[in-house]
Amino acid sequence: AELFDLVADVDRYKEFVPWCVGSRVLTRRTVSPPPSPPPPTSTTTTNLSSAATGGHQAAAAAAANSGTPTVPAGTRTLMTAELAVGFQGASERYVSTVTCTHPDSVQAVASNSAVFKTLTTTWHLAPRPSGGGGAGAASCLVTFDIAFEFRSPLYAGLARVFFSEVCERTVQAFEDRAWAVYRTGGGRRQGGGAAAVGRLPRA
């Protein structure tokens, strides 16, 4: 949940994402997941349902006491955000439609861009089994996918040169940010939890 919150915090991208010189959320709304179907009305199921409800209430109470908000899985936050990127004196502003599906994906689709014909970035986050011990042993497997096409053939040629660096530096920036924001005093940094996957436009 912590890493999801970090990736979904588009307003702060300008503070640490490479080549991002501006980020601002314009609109935001939350869509709750569809309700679960009601359980069957047998006596046994009712008892189990009551026990499960009690467990959910206890978990919610524990979360409330710890100050941790509870967000149902599948909840979507839909945003429009203005992003600005800059490189060697050149800059570009565009609007992205961002869909954050708690707690496992964040996708941004750019529009209104003079430079990019298409630009889609997708983060997938999945819990990874711990290595066997300690509260700090839990980790998350992160996949970053970027697909884009430039309007100009010149930019497309440059992209083929710098593409790998863009992916690697972006993933590294989020890893560094997570370490800086969420590290604990006794925790040890562990690498290898993220992978960058990109798709170059066809020639």
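No experiment lies behind these values; they were computed from the predicted model shown.
For residues 92-114, every residue pair satisfying the ring-ring contact (aromatic ring centres under 6.0 Å, His included) rule, not counting sequence neighbours, is listed here: Phe4-His102.
Under the salt bridge (Lys or Arg N to Asp or Glu O under 4.0 Å) criterion, Asp9 pairs with Arg12, not counting sequence neighbours.
Considering only heavy atoms from C-beta on, Val10 comes within 4.5 Å of Leu83 through its side chain. Taking 4.5 Å as the limit, some side-chain heavy atom of Arg76 sits within range of a side-chain heavy atom of Thr99. Using a 4.5 Å heavy-atom threshold, the side chains of Leu119 and Ile146 count as touching. Residues Val21 and Val85 have side chains not in contact (no heavy-atom distance under 4.5 Å, counting atoms from C-beta outward).
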Checklist entry - Should Val142 and Leu3 be marked as a side chain to side chain contact (heavy atoms under 4.5 Å, CB included) after you check the CA-CA gap, both sets of side-chain angles, and the distance that decides it? => result CA-CA 9 Å; Val142 180; Leu3 189 53; 3.2 Å; yes
Next on the checklist: I'd like to know whether Leu6 forms a side chain to side chain contact (heavy atoms under 4.5 Å, CB included) with Tyr182, so could you lay out the CA-CA distance, the side-chain angles of the two residues, the decisive distance to 0.1 Å, and finally the verdict.
Outcome noted: CA-CA 10 Å; Leu6 188 149; Tyr182 297 120; 3.8 Å; yes
Next on the checklist: Please determine whether side chain to side chain contact (heavy atoms under 4.5 Å, CB included) holds for the pair Phe150 and Val115, giving the CA-CA distance in whole Å, both sets of side-chain angles, and the decisive distance to 0.1 Å.
Outcome noted: CA-CA 6 Å; Phe150 286 104; Val115 173; 3.4 Å; yes
Checklist entry - Can you list the steps and then say if Phe148 with Lys117 is a side chain to side chain contact (heavy atoms under 4.5 Å, CB included)? => result CA-CA 7 Å; Phe148 61 89; Lys117 187 175 181 179; over 6 Å; no
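Between the CZ atom in Phe16 and the OG1 atom in Thr170 there is a gap of 10.0 Å [rounded to 0.5 Å]. For the atom pair CD of Glu175 and CD of Glu168, the computed distance is 12.0 Å after rounding to the nearest 0.5 Å. Remark: Leu141 CG to Asp104 CG distance equals 12.0 Å, nearest 0.5 Å.
Under the 6.0 Å cut-off for aromatic ring centres, Phe174 and Phe144 do not qualify, their centroids lying 6.0 Å or more apart.
Contact between Ser96 and Ala110 at its shortest, heavy atoms only, is OG-CA, 3.5 Å. Across Leu125 and Cys140, no two heavy atoms sit closer than the pair CB-SG, 3.8 Å. The minimum heavy-atom distance linking Lys14 with Asp11 is given by the pair NZ-O, 2.6 Å.
Val17 and Phe116 end up in the same hydrophobic cluster when Ile, Leu, Val, Met, Phe, Trp and Tyr side chains are linked at under 4.5 Å.
Judged by distance alone, the side chains of Ser113 and Glu92 do bring a donor and an acceptor atom under 3.5 Å apart.
Without hydrogens or angle criteria, Tyr13 side chain to Pro18 main chain gives no donor-acceptor distance under 3.5 Å.
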Ignoring hydrogens and angles, write down the donor-acceptor pairs under 3.5 Å from the side chains of residues 24-32, residues two or more places apart or on other chains.
from, atom 1, to, atom 2, distance (Å)
Arg24, NH2, Glu82, OE1, 3.2
Thr27, OG1, Thr80, N, 3.4
Thr27, OG1, Thr80, OG1, 2.5

